[in-house]
Amino acid sequence: MTQTPALRPDLSAVLAALNPQQREAVEHTDGPLLIFAGAGSGKTRVLTTRIAYLISQRKAWPERILAVTFTNKAAREMRERVGQLVGEDVAKDMWVGTFHHTCVRILRREAPRLGLERSFTIFDDDDTRASLRRVLDGLGLDQKRYPPSLIANAISNAKNELQGPEGIPNRNYFDEVVRRCYVEYEALLRRSGGLDFDDLILSVVKLLQEQEDARGYWQDRFRYVLVDEYQDTNRAQYVLVNLVAAEHRNLAVVGDDDQSIYGWRGADVRNILDFQKDYPDATVVRLEQNYRSSQAILDAAHQVIQHNPERAPKKLWTDRKGGEKVIAVQTYNEIEEAEFVADEIDRLRRAESRKYKEFAVLYRTNAQSRGFEDVFVRRRIPYRLVGGIKFWERREVKDLLAYLRILANPSDSVSFVRVVNVPRRKIGQVTVDRLIGFARDQQLGVMEMLDRAAEAGAPKPALGPIEHFAKQLKSLQASVGALRPSELVDLVIEVMQLRAFYEDGTPQGEARIENLAELHGYAEEFDPLDPKEGLDEFLAEVTLTSDVDTYDEKEEGVTLITLHMVKGLEFPVVFLVGLEEGLLPHQRSLEEEKGIDEERRLMYVGITRARDRLYLTCAFRRHIFGQAAAGMPSRFLGDIPQALISAPREGRAPAAPPPRHEYRQRFLERSVQAAPAPPPVQRFGDGDRVRHPNFGEGQVIKSTLTRTDEELVVKFDKAGLKILSGALAPLEKLA
DNA sequence: ACCAGGCTTCTTTTT
DNA sequence: GAAGCCTGGT
């Protein structure tokens with residue numbers, strides 16, 4: 001330290017504003033600390049104040065404090081808020097980031113020790129699947145029987161459990177396939193100088209476990225360690241933080257077992273529930289006062305979550321009295337569900353002068369956003385979609401990034417395969433296979449591989465194009481240390497003529513070209529760094545940035561978001577939609593042990609996002625895989641006592657409170673009461689012969705009018721009985 | 001090597 | 001209702 005950072009030690013006012021439990025969490029400085037932080041209990045405030053307190057008490061220099069968050073957005077916020085308390089120049093030295101970012105930072109420094117290139121490439125899911133496809137090919141295995149995504153999942157689970165290929169169980173042939181793929185996949189990663197998401201954590205764990213010097217350094221370095229969302233840590237992450245904090249034992253973990261929703265990717269709630277076993281001397285603080293939601297909303301949340309077993313004891317409370325009752329509504333189908341939401345948004349904008357950004361629509365699956373998008377576009381309601389097809393995953397963006405990746409790391413053959421024919425180069429499958437095989441055997445990077453194409457056995461006609469490609473890449477590579485990331489982006493676009501390649505006269509082509517331009521803008525952020533370093537950082541950032549990270553709450557528009565991504569956010573008005581059996585809880589969750597519990601926690605997370613108003617909606621019919629299916633109200637609706645739910649608004653049927661046992665029967669009664677007004681046209685009568693492009697010919701068994709649609713039950717000669725929407729299905733009436 | 005068209009399967013959830 | 005895979009044609 002050359003100079004003492006300018007501290008603003010007058011935290012007394014900030015401390016005085018905390019409640020007693022919050023204050024205890026802040027002022028506890030030494031030794032292990034477990035904070036159970038319920039939804040809306042001021043967790044971020046406690047964490048940031050605690051860090052500021054540590055700094056102002058001179059407990060540690062900022063660069064010796066490590067805070068691990070779940071998203072980059074949370075990390076940024078934390079740094080900002082600490083900055084407001086102790087000064088930005090001080091806060092900038094803290095280590096704040098996601099598990100993955102933190103590990104990348106460590107790995108960049110420790111690369112040599114691990115026999116790793118400093119410019120290692122981070123493989124995202126897409127790259128992993130592409131790699132596995134190649135592996136399967138190499139092993140002569142059928143991708144239909146052994147879907148790459150399933151194998152990727154199995155390997156990921158193993159890695160999260162710190163298991164190598166030998167740790168894959170031996171139950172059946174599929175396991176055997178997974179094990180062999182795992183071995184080959186690892187070899188491919190190593191040859192490519194690549195690490196996948198899980199490897200980032202795994203490599204640091206290994207480093208700390210196996211190399212005493214490194215372990216000593218990092219354990220000494222981080223005097224204070226804080227981990228947010230501890231209930232969502234997996235085995236590898238658990239080992240990592242406990243290892244890092246082992247020397248000073250100043251480990252503070254924050255979380256809420258009721259909000260554990262990432263079990264499917266290896267998160268283990270026991271990490272938080274067993275913290276006191278790991279650290280018998282731990283101080284435990286419970287933050288139970290909720291500063292976000294109305295009493296009515298909190299009550300509903302409590303009713304839902306209390307059905308779960310194995311919860312750490314706690315109950316949220318608020319001194320906000322009363323509040324609007326929760327409104328539950330069943331609509332005819334997903335279109336009307338969206339219409340209803342749109343109606344309410346319009347109404348509340350007028351009645352309560354609310355802004356668009358005060359509303360959020362929360363759903364279980366990304367596919368559900370479609371109906372809302374369609375309706376919002378038509379009704380000119382501005383919205384922003386979080387998640388779904390991400391910017392970084394768009395084809396053209398990935399193509400351009402693949403070029404940059406080859407430049408940053410010439411061993412990255414996965415990226416080479418991706419762009420070998422972008423634009424068309426007439427280098428065929430056979431040629432690519434021979435080149436890749438040769439490169440593997442001879443341990444070559446992309447450049448040498450292309451230079452020795454003839455030797456590799458590439459077909460004669462391909463040699464010309466290959467040589468040209470090599471020349472292009474070399475000319476780009478000459479600029480790598482010299483040009484800044486954004487300039488490099490432009491150069492790739494120009495040399496490879498990507499604009500012309502994507503230009504196809506369609507609006508989609510236009511969009512692709514715009515996205516390329518947008519990439520330039522992102523890259524600019526890394527221009528101030530050393531050129532090569534900037535390129536590496538840019539590429540890492542790109543693969544580690546999620547959609548919520550770029551979410552800006554000040555931006556106008558209704559938020560459309562999944563229940564998983566919404567954790568940590570809050571909105572004055574929340575619509576929790578698609579509350580149907582099969583959707584929430586999701587069909588797939590029913591097959592898993594404890595699946596239902598996690599679904600219920602999702603519901604709980606959704607409810608607790610709401611400040612003032614909460615709507616719960618479900619649809620009677622929903623199109624799934626393009627076909628209408630019947631939906632039963634979610635069992636979770638039945639967890640909420642009728643007394644907490646408002647009477648249905650006029651003209652709307654209430655969601656049937658799902659009876660604990662016989663909900664099918666009661667549901668049907670309800671749906672009869674719910675008979676909506678007739679739609680404009682009834683095109684078919686009972687007994688009509690019809691033709692459908694997919695299902696062939698059939699006979700209408702029953703035609704029913706609903707408020708906006710004609711619902712048809714058709715018995716197809718070949719395809720059997722189907723329920724179709726008269727408005728949507730391309731049905732043709734036969735004479 | 002590339003394209004069009006038909007077939008299938010598919011969907012949880014994400015760093 | 002889309003994306004991906006396969007086939008058969010050029």
Side-chain angles (χ1 to χ4, degrees), chain A residues 68-75 97-104 122-126 128-129 133 142-144 147-150 152-153 156 159-160 195-201 229 232-234 236-237 260-267 362-371 374 386-390 392-393 395 420-421 424-432 459 461-462 465 540-549 561-567 578 582-592 595 598-599 601-603 605-606 623-628 693-694 725 728-730:
Chain A
V68 185
T69 59
F70 201 63
T71 63
N72 293 296
K73 179 171 181 282
T98 62
F99 270 103
H100 293 91
H101 255 119
T102 304
C103 287
V104 168
I122 303 169
F123 277 37
D124 67 12
D125 278 0
D126 218 43
T128 295
R129 276 198 306 273
R133 255 179 248 125
D142 179 18
Q143 322 208 354
K144 277 260 163 69
S149 55
L150 268 189
N153 226 333
S156 173
K159 287 187 175 181
N160 287 335
L195 295 177
D196 65 22
F197 285 137
D198 305 313
D199 287 336
L200 297 176
I201 317 279
E229 307 282 9
D232 284 327
T233 50
N234 61 35
Q237 293 165 336
S260 158
I261 55 176
Y262 285 97
W264 50 274
R265 69 173 200 210
L362 277 39
Y363 39 78
R364 176 67 230 264
T365 67
N366 282 305
Q368 286 167 262
S369 69
R370 173 170 299 269
D374 289 350
V386 183
I389 336 101
K390 291 167 206 103
W392 308 112
E393 289 169 9
R395 200 187 84 195
V420 66
N421 278 306
R424 312 254 109 89
R425 289 198 178 85
K426 311 217 169 188
I427 301 175
Q429 192 64 57
V430 179
T431 310
V432 171
E541 172 98 358
V542 156
T543 32
L544 294 180
T545 297
S546 86
D547 225 30
V548 265
D549 294 333
I561 191 170
T562 62
L563 286 165
H564 283 90
M565 297 196 84
V566 81
K567 191 167 64 164
L583 213 44
L584 186 72
H586 195 277
Q587 197 63 44
R588 299 283 287 257
S589 72
L590 304 177
E591 297 153 18
E592 291 154 34
E598 184 149 316
E599 297 292 300
R601 290 192 290 268
L602 269 175
M603 174 93 176
V605 166
H623 290 261
I624 189 139
F625 299 143
Q627 205 196 305
N694 297 338
S725 150
L728 299 173

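- Rounded to whole angstrom, the span from the NZ atom of A:Lys426 across to the C1' atom of B:dC3 amounts to 13 Å.
- Under the 30°/60° scheme for interplanar angles, the aromatic rings of A:Tyr262 and A:Phe70 are found to be tilted.
- Looking only at atom types and distance, the side chain of A:Asp198 has a donor-acceptor partner in the side chain of A:Ser156 under 3.5 Å away.
- For B:dT14, one of the phosphate oxygens OP1 or OP2 lies less than 4.0 angstrom from a side-chain nitrogen or oxygen of A:Thr562.
- When the side-chain nitrogen and oxygen atoms of A:Arg129 are compared with OP1 and OP2 of C:dA3, none of them lie within a distance under 4.0 Å.
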Steps toward ring-ring contact (aromatic ring centres under 6.0 Å, His included) verdict (A:His564, A:Trp264): CA-CA 12 Å; A:His564 283 90; A:Trp264 50 274; 5.7 Å; yes
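- For the pair A:Asn366 and B:dT13, the criterion of a side-chain N or O lying under 4.0 Å from OP1 or OP2 is met.
- Summarising the geometry, the separation between NE2 on A:His101 and P on B:dT15 is reported as 12 Å, rounded to the nearest angstrom.
- Straight-line distance from the CD atom of A:Gln237 to the C1' atom of B:dT15: 8 Å, rounded to whole Å.
- Nucleotides of DNA chain B nearest to A:Asn421 and A:Ser589 differ in position, and the one nearer the 5' end is that of A:Asn421.
- Comparing C:dC6 with B:dT11, their C1' atoms are spaced 22 Å from each other, to the whole Å.
- Salt-bridge formation is not detected for the pair A:Asp232/A:Arg265: no Lys NZ or Arg NE/NH1/NH2 atom is positioned less than 4.0 Å from an Asp or Glu carboxylate oxygen.
- Across all strands, A:Leu583 comes closer than 4.0 Å to no nucleic acid atom at all (heavy-atom distances).
- Residue A:Phe625 contributes atom CZ, which lies 16 Å from atom P of C:dG4 at whole-angstrom precision.
- Stacking is not found between A:Phe70 and the pyrimidine-like six-membered ring of the B:dT15 base under the 5.5 Å centre-distance and 30° plane-angle cut-offs.
- Per the stacking criterion (ring centres < 5.5 Å, plane angle < 30°), A:Phe99 does not stack onto the base of B:dT15.
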